[in-house]
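Here is the structure we will look at.
Both ligands and their constituent atoms are indexed starting at 1 by order of listing. Quick caveat, the model's predicted, so the values are computed rather than measured. Any value given below was found using the heavy atoms of this structure, including those in side chains, with hydrogens, waters and symmetry copies removed.
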Amino acid sequence: MDARHPRPRILLLHTGGTFGMAPADPHHSLAPGPALERILEQVPELKELADLRLEIPFNRDSSELEPEHILLLARTVRERAPDYQGIVIIHGTDTMAFTASVLGFLLADLGKPVVLTGSQRPLAFVRGDARKNLIDAVDLATTGVPEVGICFGDFWYRGVASEKLSVTRYRAFGSPNLPPLAEIGMKVQLYPHAGQFERRVPPGLGTALEGAIAVHSPHPGMPWALPPEGIRGLLILAYGAGNLPMERQDLAALLDRAKERRLPVVVLSQCTWGGVEFGTYDLSRKLAATGAISGGLHTRWAALAKLGLCLGSGWDLAAIREAFAVSWAGEPV
Ligand code: ASP
């Protein structure tokens, strides 16, 4: 190593997912594999990019993560960050957009890159995407750009705007309502908005992340069930710009009960592109009149993260309504 040009110190946090899995049984279902420390031996060129350390806070399929895992990850990044120029998190793809959203809010003020990545095929498999995604992620982590984002399939996406869009494609993620932060071809091309957003996350969040949020995704004829005891908030993935069948008695009963219990009802669109605009149609105007909160352009993951953090901190309805009107960490609202 050239002492005049020390390589940037990058922390690699491995949390599980397909990336490190190995065929564990004759049916080839994938389970987390052993000896993940060997990543550094398997991708030796990483050493040219950075001085890497590896930690494994937990090793799970991301579909099995609980809010506590994600909060632990946020605390780990916060504690370790002063010793590193950037952090790379290897994570399963299934819930990566949710983790990226929670971290995007809780670490918005970190001031250095936090790059989540993973893969559709394990590192141990041929013709996979794991090696490239990891190298790209480490490269991005050395850029100094203060963003929490997902690096996957040649792009870097802002975490609070991202979604998993494909089960099989190597370009599995996107941020439908925000251009990518960077495109990774021959060069790492950073776009002008990378790192540029107002940081307006209220202080004091992150001691708890409420998961007891009921999500309704209607279709014609769907019965609307009353919120069970223990539910603290509702997320409705409405049609188009925020429409629901407002003549339905069971929906009216649900909205009444939510009001009685002072449960926040956040409304997003079922559509991937665009969002809720209350008042575009009569139905959404009526929905707004019930006290429902427009989630605008939030992804479902950013909305669940924001609502979970607000409820986890005991916020009231008025404060939650205000939270959805403001972009905390560069999320489209
Ligand atoms: N089930 C895996 C996970 O999310 C899928 C993946 O990593 O691609 O952990």
Would you check if Y191 and E183 make a side-chain contact, meaning some heavy-atom pair closer than 4.5 Å? yes
S175 vs L181 side-chain heavy atoms within contact, under 4.5 Å: no
Candidate list T76, V114, V88, I56, test side chain to side chain contact (heavy atoms under 4.5 Å, CB included), partner L13, passing option: T76
Holding to salt bridge (Lys or Arg N to Asp or Glu O under 4.0 Å), I want the full list of residues that pass it with D282, two or more places apart in sequence or in another chain. R285, K286
If you apply the rule side chain to side chain contact (heavy atoms under 4.5 Å, CB included), what do you find for L309 with V201, and how did you get there? CA-CA 11 Å; L309 290 169; V201 183; over 6 Å; no
What does the 4.0 Å heavy-atom contact list look like for ligand 1? G17, T18, D61, S62, G92, T93, D94, S119
Kindly assign one of parallel, tilted or perpendicular to the pair F324 and H298, based on the angle between their ring planes and the thresholds 30° and 60°. tilted
